[in-house]
Every structure is written in C-alpha cells, then in structure tokens.
Amino acid sequence: KLDVRNRKREALPAGSEWKQPKYDAAYEYQQMSDDEDAYGEDGNLLPDVYTSCAPGSRSEIVTQMFKEIDQQKDPRPSGQFIKRVQGEVKEEQGPPATKTLKGRARRWMVDSTWLLNHPDFDTERVVADNGKLWGDETNPEELEERSAHVAAEKKRRASGVSGGGESSKKKKAKKGQGKKKPTQQAPSNDNNSDINN
C-alpha cells in the first residue's frame, strides 16, 4: 500500500499540494491503515481482496490527501494486483508508538478533538511536533537529538564516569578502605643492622 501511494504521489504534477515536503511524514508504513480480510455477502472469504480500516485518530487533511492519492493511476503497477475496499473507521484506534522519530505521527496528522478525548496517546513516543515547515520554531529531529544528548549525559552520570574515567564506585571503594593497622615488627639485631655493614 505504501509503495503504491509513493508511486502515485511521485507522478502528481509538479505544482501539486501533496508533493510538498511538509507531508512526507505521512508516507511511512506505520501510518498506513490496517488491512483486514474481506468477506462477501455470503460470509465467504474473498480472495485477493482486503478491507482497509482507517484509525479514528486520522485527521481530515490526511484522509483527504490519501483519498486523492488513491484515486490516481499507478504509473508503474506491480504484477500482483491487490484490491482494497474501504471499511469502517476504527474509532478507538490511534497512531502507534515508535522507538524512533521515523514513522511517528505528527500533530497535523492526528485529529485534535480525538486526541483531546484520548490523552493517553498524547505522548512523545506517539505524536511528535510538526516542525518548521508547519510554522513551529524547531523541528522534532532537533528536539529528539537534544533529548538523546540529555539521556546520554544522565546515563554517564549515573554510571559515575568522571572526566578522568574513574567510576564513583571505585572512588567509594577507595574511600571505604580503612587505615591498615601497623604490623608489629621484631626488634632489630644491632649486629645485623646496616650501620654495622
């Protein structure tokens, strides 16, 4: 599905709104709607047919963009055609959480009312800011880089690594070492002392 949409998007006229880089974040496989098995009126499974169910969190702008893209002719159709029919919207389904920024939903991609009613999805791992192309002062990539730097610094401090490379555990171990009690030495024999040599 993503490959087809990418091909159709590339084939749009040069001045098309949907070719602008500000919309690139929507073209990731994590943001594609789920494909489910399709069944006929008799209840039998339809071969080579899938039902696409969009998430309820999807914004109107994404819905409209994908609708117009899907209506375009595929400039390089693959040998295996997969028919998809539009299914019911999954009202409670939101954008997926991602470990990295790539594939993560942006705020313009999520319906604001839906997000307000589902605050559990309004987290850094699920929804990222839009970025400068949408009028923000910074790009989410910059914020992620700063967060990674802060996390690395906290990890370094937690491990106790100092500028000299010695861990705090070793330092504590050294501090914890008490003074050794002096060992009692046998009285020296004057005849064997260095003075007499």
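For clarity, every value in this text was computed on a predicted model and none was experimentally measured.
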> State the CD-OG1 distance between Q30 and T98, to the nearest 0.5 angstrom.
6.5 Å
> Ignoring hydrogens and geometry, is there a side-chain-to-backbone donor-acceptor pair from K90 to C53 under 3.5 Å?
no
> Let me confirm one number: the OH-CZ distance from Y29 to R5, rounded to the nearest 0.5 Å.
16.0 Å
> Is it the case that the side chain of N139 and the backbone of G131 share a donor-acceptor pair, with hydrogens and angles ignored and the cut-off at 3.5 Å?
no
> Got a salt bridge between D74 and K8, using NZ or NE/NH1/NH2 to carboxylate O under 4.0 Å?
no
> Hey, can you tell me if H118 and W114 have their rings parallel, tilted or perpendicular (30° and 60° cut-offs)?
parallel
> Side chain of S59, backbone of W108: donor and acceptor closer than 3.5 Å?
yes
> Is a side-chain donor or acceptor of E28 paired with a backbone partner of K102 at a separation under 3.5 angstrom?
no
> Can you measure from CG (N117) to CG (D122) and round to the nearest 0.5 angstrom?
12.0 Å
> Please check if the side chain of R58 supplies one atom and the backbone of Q31 the other of a donor-acceptor pair under 3.5 Å.
yes
> A quick test of your reading: do over 12 heavy atoms of other residues, nucleotides or ligands sit less than 6.0 Å from CD of E137?
no
> Will you find, in the side chains of E68 and Q72, an N or O donor that is under 3.5 Å from an N or O acceptor?
no
> Does R104 use its side chain to pair, donor to acceptor, with the backbone of V127 at less than 3.5 Å?
no
> With a 3.5 Å distance limit and no angle check, can you tell me whether N130 reaches the backbone of R107 through a side-chain donor-acceptor pair?
yes
> Donor-acceptor pair, distance only, cut-off 3.5 Å: does the side chain of S159 make one with the backbone of R156?
yes
> Is it true that K132 and E142 make a salt bridge, defined as a side-chain N closer than 4.0 Å to a carboxylate O?
yes
> Within a reach of under 6.0 Å around CD of E88, are more than 12 heavy atoms found that belong to other residues, nucleotides or ligands?
no
> Under 3.5 Å, is there a donor-acceptor pair between the side chain of K1 and the main chain of S33?
yes
> Do you know the tightest heavy-atom contact between R76 and R7?
O-NE, 3.1 Å
> In a check of ring pair (Phe, Tyr, Trp, His ring centres under 6.0 Å) between W18 and each of Y23, Y27, F66, which one passes?
Y23
> Between K19 and L12, is there a donor-acceptor pair closer than 3.5 Å when you use the side chain of the first and the backbone of the second?
yes
